[in-house]
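Quick notes on the structure that follows.
Below, chain A is the first sequence line, B the second, and so on; all start at residue 1. Hydrogens, waters and symmetry mates are skipped; everything else that's a heavy atom, side chains included, is used.
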Protein chains: 2
Amino acid sequence: MEQDKPKYLQLKEYLIGLIENNELPRGNKIPSENELAEKFHISRHTVRRAISELVNEGVLITSQGKGTFVNNEPKSRQNLIGVITTYIGDYIFPSIIRGIDQVLSENGYSIALGCTNNQFDKERQCLENFMKQDIKGLIVETTKSALPNPNIELYDEFRKRNIPVLFMHGSYKGYSASSIYEDDVEAGYIATKHLIELGHRKIAGIFKIDDIQGHARFEGYCRAHRESGIDINDKRIMWFGTDDMLYKFGKQSGDMVIEFLEDSTSLVCYNEQISIKVIDIIREKGLTIPERLSLVSFDDSELAVASEVKMTTVAHPKEKLGIEAANLMLKMIKEGDGIFKVKMTPELVVRNSTGRVNG
Amino acid sequence: MEQDKPKYLQLKEYLIGLIENNELPRGNKIPSENELAEKFHISRHTVRRAISELVNEGVLITSQGKGTFVNNEPKSRQNLIGVITTYIGDYIFPSIIRGIDQVLSENGYSIALGCTNNQFDKERQCLENFMKQDIKGLIVETTKSALPNPNIELYDEFRKRNIPVLFMHGSYKGYSASSIYEDDVEAGYIATKHLIELGHRKIAGIFKIDDIQGHARFEGYCRAHRESGIDINDKRIMWFGTDDMLYKFGKQSGDMVIEFLEDSTSLVCYNEQISIKVIDIIREKGLTIPERLSLVSFDDSELAVASEVKMTTVAHPKEKLGIEAANLMLKMIKEGDGIFKVKMTPELVVRNSTGRVNG
DNA sequence: AATTATTTGTGCGTATGTATC
DNA sequence: AGATACATACGCACAAATAAT
């Protein structure tokens with residue numbers, strides 16, 4: 001033997017080597033304790049120690065009177081990837097998960113799921129749960145991504161343990177990490193550009209204030225305006241947050257929304273859950289889309305074609321984003337550290353909620 | 001000491017007892033090996049064996065030169081519950097998962113997710129993945145539940161390992177297991193009954209053929225007819241499967257659907273994904289709901305109120321079903337074996353897709 | 001700063017028990 | 001019944017880390 005390593009460790013390595021080189025195939029009997037002791041001129045006690053540790057690690061199985069055997073099913077590898085999403089009612093969530101699951105399950109991984117309901121304390125709970133699981137990677141849809149995050153230290157802890165973390169839909173401000181996201185600035189840009197090309201100049205916008213996606217889409221909205229030399233009027237912008245979302249677009253707020261849209265000929269609307277409600281409000285007032293108001297939405301979910309008015313919308317990559325996220329995660333697991341950024345390009349889907357401006 | 005158990009096992013139990021009774025609080029030093037050996041009149045070797053096993057189990061931590069200590073963070077328990085769903089695009093899926101997650105995360109469990117896309121081979125893959133994970137329980141939304149299942153042996157394997165299995169949305173035919181489900185017969189019944197009470201006698205039905213839910217809703221449909229002495233006409237029943245679903249209700253099939261509905265004044269429609277498409281087809285022909293056709297749907301998802309016609313529908317318990325499923329799972333884990341059946345009652349939500357029959 | 005006692009880690013030898021073939 | 005192989009158990013010696021003197 002070699003070096004000054006403990007003899008029982010040397011024997012362990014020797015046995016593992018034999019198994020890995022297939023000189024001791026699965027299920028085979030290994031030499032008896034006495035044989036090993038004799039061969040390496042060590043005591044049987046020392047042999048037993050090496051074997052007992054390998055048994056504990058699930059590599060070997062001992063059977064009194066029969067012998068010691070190489071375990072057929074190697075250690076049950078954990079192969080879990082943690083996935084944290086925000087508000088699971090997020091209507092594009094199932095597509096994303098499906099994409100992730102598709103890739104991961106093919107590679108022998110499973111998804112461990114947690115949802116935050118877009119609340120920091122729930123996010124923390126998820127992270128702490130996953131910390132106890134032996135996950136191999138973490139994919140996180142950011143919670144209230146436009147705000148500073150109080151759970152950064154936990155994310156650091158994962159990285160300290162060499163567990164790669166991948167953010168979806170934008171990472172936290174000022175926190176450097178791998179991320180995969182739709183190019184939301186571009187999405188906001190092409191949505192607005194489409195309306196401008198149809199002759200619209202009075203373009204209202206509804207955006208989400210506590211998600212970075214809302215900020216980005218707004219930025220695209222602004223860029224399209226600037227590029228075309230159209231001034232942006234603050235009165236045409238409405239912001240909403242996770243908390244007042246239900247209220248602001250409920251039945252009781254119909255008049256407020258109508259008033260907000262009064263002076264505009266078109267609307268860039270944050271997502272289809274909101275768009276559906278806006279369409280309802282407008283229809284109830286006897287107004288029509290796109291004649292009275294052209295509307296561009298985002299995501300291209302089931303809801304985009306659920307209404308009689310089929311929405312013109314900027315399609316979110318959804319399932320494809322999930323697939324790419326999973327592939328990137330596998331790469332990160334393989335290659336170890338490094339910060340990756342993947343940006344996915346959105347596409348405009350023109351249906352019949354938009355038309356040339358009237359008058 | 002006692003009995004004829006191996007001495008090292010007796011010592012292990014003694015130490016575990018001390019820890020559990022808090023006589024050796026977390027982080028404390030336990031007596032040294034020599035002290036224990038002396039106290040119990042056993043050799044130090046035997047003491048070491050007991051301690052080394054406890055170290056391996058994560059109960060103790062040894063430190064050369066310092067001593068042996070009770071581990072502060074007891075073994076990172078796995079606490080994973082496997083959840084298998086069918087086609088994840090199932091539009092009520094997010095709600096169910098949210099319900100499950102809500103309960104499980106509060107109890108320190110995480111969800112391991114897999115989806116089958118309603119295909120048996122994918123279901124098998126999920127089960128095999130979970131077999132390798134050390135899951136504590138399994139909640140399964142049945143795949144093609146009306147057909148015999150080729151993966152029964154795998155479910156048996158879980159039960160052999162004392163991992164409780166809970167089926168959602170009906171268990172497999174002829175397989176006795178715990179299950180939690182909406183009372184779909186009742187759902188079909190109250191949907192049909194509602195139409196009958198509005199004076200309808202010519203009630204068409206669209207049902208899914210390869211899910212047991214489709215069969216059950218159809219059964220309720222039949223019962224309501226029988227009870228009211230109305231004959232069922234086979235020509236008013238349309239069946240569809242997972243595979244021909246997209247085709248049967250796509251644009252190209254509009255005429256076929258219209259022809260199918262020609263002689264009926266109302267429709268009981270399997271779910272809202274289908275209902276939305278039927279509504280579209282009808283609207284394109286210039287017909288109106290509920291004047292020309294009253295429609296009752298199932299599930300009460302986002303889609304039910306997405307269209308201009310707000311659907312009368314039988315509300316699926318969704319989130320509540322998820323919550324109940326998770327609670328039942330926790331109970332099964334605690335109490336061990338036993339077969340539980342939980343039936344949840346659906347409720348009719350009357351909106352404006354149904355009206356009194358004309359003429 | 002060096003010494004010493006304590007505690008765990010490594011290693012050998014031996015004996016007996018028990019399951020399997 | 002006997003040989004073989006693992007399981008339990010005792011005793012001893014020395015190494016290495018730690019803490020207290």
List the atom pairs, with distances to 0.1 Å, where a side-chain N or O of residues 36-44 of chain A and a protein N or O form a donor-acceptor pair under 3.5 Å, not counting sequence neighbours.
| unit_1 | atom_1 | unit_2 | atom_2 | d |
| --- | --- | --- | --- | --- |
| A/Lys39 | NZ | A/Tyr14 | OH | 3.0 |
| A/Ser43 | OG | A/His45 | N | 3.3 |
| A/Ser43 | OG | A/Thr46 | N | 3.2 |
| A/Ser43 | OG | A/Thr46 | OG1 | 3.1 |
| A/Arg44 | NE | A/Glu33 | OE1 | 2.6 |
| A/Arg44 | NH2 | A/Glu33 | OE1 | 2.7 |

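- Taking a 4.0 Å limit (strictly below) on heavy-atom distances, residues 43-52 of chain A reaches DNA chain C at A/Ser43, A/His45, A/Thr46, A/Arg49.
- Under the 3.5 Å distance criterion, with hydrogens and angles disregarded, a donor-acceptor pair is assigned to the side chains of B/Thr143 and B/Thr116.
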Which pairs, protein N/O on one side and nucleotides 2-7 of chain C N/O on the other, fall under 3.5 Å?
| unit_1 | atom_1 | unit_2 | atom_2 | d |
| --- | --- | --- | --- | --- |
| C/dT7 | O2 | B/Gly65 | N | 3.4 |

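- A cation-pi geometry, defined here as NZ or CZ lying under 6.0 Å from the six-membered ring centre and within 45° of its normal, holds between B/Lys144 and B/Phe120.
- Between the NE2 atom of A/His41 and the P atom of C/dC12 there is a distance of 12 Å, rounded to whole Å.
- Of all nucleotides in DNA chain D having an atom under 4.0 Å from a heavy atom of chain B, the first and last in 5' to 3' order are D/dT8 to D/dA19.
- Scored by the salt bridge (Lys or Arg N to Asp or Glu O under 4.0 Å) test, B/Asp156 finds B/Arg159 as partners (sequence neighbours excluded).
- Counting heavy-atom neighbours within 6.0 Å of B/Lys29 NZ, excluding the residue itself, gives a total above 12.
- Note that the CG atom of A/Asn79 and the CD atom of B/Gln133 stand 6.5 Å from one another [nearest 0.5 Å].
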- What do the steps show when you test B/Asn149 against B/Glu123 for side-chain hydrogen bond (donor to acceptor under 3.5 Å, both in side chains), and what is the final call? CA-CA 10 Å; B/Asn149 186 289; B/Glu123 184 188 34; 3.0 Å; yes

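- For B/Tyr155, the ring-ring contact (aromatic ring centres under 6.0 Å, His included) partners two or more places apart in sequence, or in a different chain, are B/Phe167.
- Of the charged side-chain nitrogens involved, at least one lies within less than 4.0 Å of a carboxylate oxygen, so that B/Lys12 and B/Glu57 count as a salt-bridged pair.
- To the nearest 0.5 Å, atoms CD1 (A/Ile111) and CD1 (A/Ile135) are separated by 12.5 Å.
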